[in-house]
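These notes concern the structure reproduced below.
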Amino acid sequence: TKFGSLSSSGHVSIPSKSSVLSAPPPPSANDIRIYPNQGARSNSTFASFSFELPSNQEREDLTIRCRLDHYAFQECEDFAKFVALEEGQHKFTVKATGKVLPEALTSSFTWNVDLTPPTVLLKAPIPKNFVNRPFNVTFQWSETPLRA
């Protein structure tokens, strides 16, 4: 569980669950490039990926297979999507095989689905004359992008 913090000036800091999309790391000449629609941390049960083969490979000479986590590889095109993902770590893998390849080309992307909303804990002294009266609370926070 993550907690926010209340500064002495009355500002509340709340951890963010949003993710920042980032470009995949630069591939080598023989890597399959994977382009995820989410960052390494996500609060979505949906994920999609596009990918491209190295420029020196002819697609018609290859069999492209994809898989999620430990499930079996299945033939795929250049796009894959998954719905109803469970909370936790997931791994998407693309594998290209063919007669023209000495060994299979494989690339993967790992990310975490976190569906737990942040918890905010406010701590403030109770006024001496506090007797169940309405009062105003003002929240202010800044967001720090998540990194892989």
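For the single chain, residues carry numbers from 1 onward in sequence order.
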What's the verdict on side chain to side chain contact (heavy atoms under 4.5 Å, CB included) for Leu85 and Trp111, showing C-alpha distance, side-chain angles and the deciding distance? CA-CA 11 Å; Leu85 293 168; Trp111 78 105; 3.7 Å; yes
I would like to know whether Leu115 and Thr45 meet side chain to side chain contact (heavy atoms under 4.5 Å, CB included); could you show each step before the answer? CA-CA 8 Å; Leu115 302 176; Thr45 60; 3.9 Å; yes
Before giving the answer on side chain to side chain contact (heavy atoms under 4.5 Å, CB included), spell out for Phe51 and Arg33 the whole-Å C-alpha distance, their side-chain angles and the decisive distance to 0.1 Å. CA-CA 5 Å; Phe51 51 90; Arg33 291 183 187 208; 6.0 Å; no
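Arg67 contributes atom CZ, which lies 9.0 Å from atom OG of Ser108 (distance to the nearest 0.5 angstrom). For the atom pair CG of Asn37 and OG of Ser50, the computed distance is 9.0 Å after rounding to the nearest 0.5 Å. Here Ile64 contributes atom CD1 and Gln74 contributes atom CD; the two are 14.5 Å apart, rounded to the nearest 0.5 Å.
Chaining together hydrophobic side chains whose heavy atoms lie under 4.5 Å apart places Val83 alongside Phe46.
Nearest heavy-atom pair, Cys66 versus Val94, reported as atom, atom and distance to 0.1 Å: SG-CG2, 4.2 Å. Here the closest non-hydrogen pair linking Leu53 and Ala96 is CD2-CB, 4.1 Å. For the pair Leu105 and Ile32, the tightest heavy-atom approach, listed with the atom from each and the gap, is O-CD1, 3.6 Å.
With sequence neighbours left out, Thr97 forms a side-chain hydrogen bond (donor to acceptor under 3.5 Å, both in side chains) with no residue at all. Partners of Glu75 according to the side-chain contact (heavy atoms from CB on, under 4.5 Å) rule, which considers only residues two or more places apart in sequence or in another chain, are Thr63, Arg65. Here Ala80 pairs with Phe82, Phe92 under the side-chain contact (heavy atoms from CB on, under 4.5 Å) rule; sequence neighbours left out.
Grouping the Ile, Leu, Val, Met, Phe, Trp and Tyr side chains by contacts below 4.5 angstrom, directly or via other members, places Leu68 apart from Phe73.
Among residues at least two apart or in separate chains, side chain to side chain donor-acceptor pair (under 3.5 Å) pairs with a member in residues 76-93 are Asp69-His90, Glu87-Thr116. For residues 87-118, no pair satisfies disulfide bond (SG atoms under 2.5 Å apart), with sequence neighbours left out.
In this structure, the side chains of Phe79 and Phe49 stay at 4.5 Å or more apart for every pair of heavy atoms.
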